[in-house]
Amino acid sequence: KEHSEKKHKDRDKLKHSNSSSDKHREKHKEKRKEEKVCSLLGKAFSVVDITFWYRGKIIFFMEINMKVLKFCFAQDFKENNPYFTAVVDNLFCFSLMGWILLSFVVIRWEEERYTDGSKWRFLEHKGPVFAPPYEPLPDKVRFYYDGKPMKLSAPAEEVATFFSKMLDHEYTTKDIFRKNFFKDWRKEMTSEEKSKITDLNKCDFTEMNEYFKAQSEARKQMSKEEKQKIKEENERLVQEYGFCIMDNHKERIGNFRIEPPGLFRGRGDHPKMGMLKRRIRPEDIIINCSKDSKHPKPPPGTKWKEVRHDNKVTWLASWTENIQGSIKYIMLNPSSRIKGEKDWQKYETARRLKKCVDRIRTQYRDDWKSKEMRIRQRAVALYFIDKLALRAGNEKEEGETADTVGCCSLRVEHVKLYPKMDDQEYVVEFDFLGKDSIRYYNKIPVEKRVFKNLQLFLENKQPEDDLFDRLNTSILNKHLQELMDGLTAKVFRTYNASITLQQQLKELTCPDDSIPAKILSYNRANRAVAILCNHQRAPPKTFEKSMQNLQTKIEEKQNQLSAARKQLKVAKSDHKASHDDKSKKAVEVKRKAVQRIEEQLMKLQVQATDREENKQIALGTSKLNYLDPRISVAWCKKWGVGIEKIYNKTQREKFAWAIDMAEKDYEF
DNA sequence: ACTAGGACTTGTCCCTAGCCGG
DNA sequence: CCGGCTAGGGACAAGTCCTAGT
């Protein structure tokens with residue numbers, strides 16, 4: 001019905017444009033019409049049939065070039081049904097007595113999956129965008145050494161600017177940072193500079209620092225037009241370099257810009273902080289694309305390191321970074337088929353774990369009694385991974401990164417055992433730095449067997465010895481692989497996160513709640529998961545202030561409310577006195593006003609609670625990486641909550657497959 | 001069995017576009 | 001229309017897990 005209404009409107013527009021004599025305008029309208037028709041087409045179909053009948057008037061199709069139709073159709077179809085792919089090369093379209101027959105092939109993701117391990121058949125892109133070249137400082141901005149101004153060579157100056165931009169950060173005062181920086185900086189100096197500049201403490205970067213501050217201030221002060229221009233330029237760059245063609249579809253690239261040079265910071269107590277991250281040139285880049293595609297061109301006068309055609313991998317370009325010597329990649333955006341499909345598979349693996357988790361739990365409990373030490377250790381570690389959602393904990397090379405651990409790499413110093421604590425027995429206290437040097441602190445009571453085993457593991461060990469000395473991640477994962485196909489340590493995190501969300505949602509959602517209250521429940525369920533996974537954040541710098549603002553708003557609303565209530569009272573007594581229509585209306589109006597303000601107040605209060613509870617907890621990570629989006633989609637459908645209340649635009653794009661697939665009765 | 005390298009996922013921080021109330 | 005604030009996106013670091021070579 002809706003579509004036919006739209007069609008009528010379109011037809012009216014069509015007549016209109018025919019009578020218009022302005023050629024240009026007509027052309028424009030033509031284009032819009034095409035777009036409109038194509039978007040209508042995309043929305044017109046449900047997704048399961050191989051062949052669709054669609055009733056309409058042929059006039060639309062005659063006027064559209066078949067090629068355009070095909071392309072628009074492919075795009076629209078994909079946007080609306082990301083879980084499917086349409087093969088439009090075989091698109092077949094003709095009219096029959098006012099009906100239009102459209103026939104094309106629809107393929108589901110899993111049907112399209114290649115069996116030989118290849119990830120794509122065709123890949124074409126324009127290559128990465130490089131960091132802008134270094135612009136030397138104007139002469140008036142000077143660097144001082146030992147109190148005297150000194151002109152630096154361009155390479156040395158560039159590195160100096162990196163440091164000068166960071167002057168406000170605490171880490172420029174750290175010894176390691178300064179030492180690493182100075183060492184790398186000296187490598188960029190001319191021999192003359194090298195002999196002169198021997199002590200970082202005698203370097204004065206303040207003038208440079210002020211210059212950059214002024215620059216950023218000036219950028220803020222730019223006129224609207226200038227800002228608009230920059231925005232447009234950026235947009236153009238995205239249009240040109242931000243997309244690629246992979247197997248008949250135009251897909252967004254995740255990070256098409258190469259990381260600019262700068263000083264490496266690292267997280268936590270990183271031994272390499274302050275080192276120079278060098279500039280990446282075309283000669284460092286390996287391009288990956290299909291042989292029969294138009295290969296990306298390197299910037300004039302340069303060459304790529306290599307152009308290869310490896311369809312067993314998903315990346316478009318790669319280079320080796322100089323701090324850790326690891327490889328960096330350019331890959332597709334999460335909304336792309338290749339990422340979405342993988343994401344979906346991940347949750348399917350977690351759902352398979354759900355089916356056999358009881359068996360696995362029984363087994364590891366059995367293994368706590370094993371005669372073999374390695375099996376006991378494996379079983380206790382697995383218990384922690386399952387119960388506490390710890391990460392696997394690969395070994396790391398000492399001195400290369402910050403000292404952090406996961407389950408398998410836990411050391412004796414990270415756990416403390418308390419046979420009795422308060423009113424609980426067999427309490428284990430964990431205190432260690434995990435990924436990104438985020439502290440994990442937790443005290444939990446465990447079963448007696450686990451406790452006894454831990455005591456055994458700790459015997460005759462130094463604090464810096466491994467807790468699980470007979471275990472590492474590859475042993476653990478090999479074991480898990482035997483328990484279930486595709487099972488690894490991280491699947492437990494996904495599984496426990498998703499199952500917790502589903503169960504919390506069931507528990508917390510009250511059918512009679514208002515929409516904001518329901519959303520609060522959702523956020524609380526999300527929060528439970530974030531706490532489980534230890535997703536913390538530094539309380540935002542503006543937290544206190546924004547909390548206060550909210551509080552004042554609430555007070556204001558409360559005042560408004562009491563005022564409105566008073567007015568309602570007055571109106572009521574007026575009505576009692578006069579009993580006329582006018583006063584009756586007035587009462588209604590006032591009643592509505594009170595109601596509205598009550599609602600607003602409630603919304604604010606809910607918001608305040610939500611924010612307070614969220615002070616140190618980051619919801620984003622679990623939402624993006626651990627929670628099966630179909631649970632959320634189903635919840636939204638079940639309770640009539642708009643999906644946009646839960647997922648913002650990017651998240652909706654990433655989870656398009658789930659929004660498409662999940663019905664309100666979906667069970668993880 | 002062990003290691004290094006490679007590919008891909010997960011994680012936090014920081015900046016800024018754009019929203020909203022005054 | 002302006003300025004303050006904040007959500008969201010980008011940047012990029014740091015994990016996991018797998019494979020191939022020794």
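Naming convention: chains lettered A, B, ... in sequence-line order (proteins, then strands); numbering from 1 in each chain.
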Given DNA chain B, 5'-ward residue of the pair A/T621 and A/T314, judged by closest heavy atom: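 Closer to the 5' end of DNA chain B: A/T314.
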Residue whose closest nucleotide on DNA chain B lies nearer the 5' end, A/D436 versus A/G325: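 Per heavy-atom nearest nucleotide, the more 5' residue is A/G325.
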Looking at [options], which one has an atom nearest to any side-chain atom of [X]?
| X | options | answer |
| --- | --- | --- |
| A/N625 | C/dC12, C/dC18, B/dT10 | B/dT10 |
| A/K339 | B/dC8, B/dG11, C/dA13 | B/dC8 |
| A/I438 | B/dT12, B/dT10, B/dA7 | B/dT12 |
| A/M331 | B/dA7, B/dT10, C/dC17 | B/dA7 |

Most 5' of A/Q651 and A/C407 on DNA chain C, judged by nearest nucleotide: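 Its nearest nucleotide lies further toward 5', so the answer is A/Q651.
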Pairwise 5' ranking along DNA chain C for A/V491 and A/K649, keeping only the more 5' one: A/K649
By the 4.0 Å heavy-atom rule, please label [X] as base, sugar-phosphate, or nothing.
| X | result |
| --- | --- |
| A/R267 | base |
| A/R265 | nothing |
| A/A489 | sugar-phosphate |
| A/P334 | nothing |

Verify the contact: side-chain N or O of [X] to OP1 or OP2 of [N], cut-off strictly under 4.0 Å; return yes or no.
| X | N | value |
| --- | --- | --- |
| A/N394 | C/dG15 | no |
| A/K478 | C/dC18 | no |
| A/T650 | C/dG8 | no |
| A/K342 | B/dA7 | no |
| A/N648 | C/dG9 | yes |
| A/T488 | C/dC18 | no |
| A/Y329 | B/dT9 | no |
| A/K119 | B/dC8 | yes |
| A/T404 | C/dG15 | yes |
| A/R439 | B/dT12 | no |

A/T488 versus A/N477, side-chain donor and acceptor atoms under 3.5 Å: no
Ring pair (Phe, Tyr, Trp, His ring centres under 6.0 Å) between A/F256 and A/Y241, worked out: CA-CA 7 Å; A/F256 58 90; A/Y241 292 95; 7.1 Å; no
Validation row, ring centre A/F430 to ring centre A/Y441 under 6.0 Å: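 No, the ring centres sit 6.0 Å or more apart.
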Ring-ring centroid check A/F243 A/H125, cutoff 6.0 Å: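 Here the rings of A/H125 and A/F243 have centres that are no less than 6.0 Å from each other.
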A/N255 (side chain) donor-acceptor with A/M331 (main chain) under 3.5 angstrom: yes
Check: A/H270 main-chain N/O paired with A/D403 side-chain donor or acceptor under 3.5 Å: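 Looks like no, no N/O pair under 3.5 Å.
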Spacing of CG belonging to A/L263 relative to CZ belonging to A/F181, to within rounding of 0.5 Å: 6.0 Å
Min side-chain heavy-atom separation A/P128-A/F130 under 4.5 Å: yes
Close approaches to DNA chain C from residues 270-290 of chain A, in residue order (heavy atom, under 4.0 Å): A/H270, A/K277
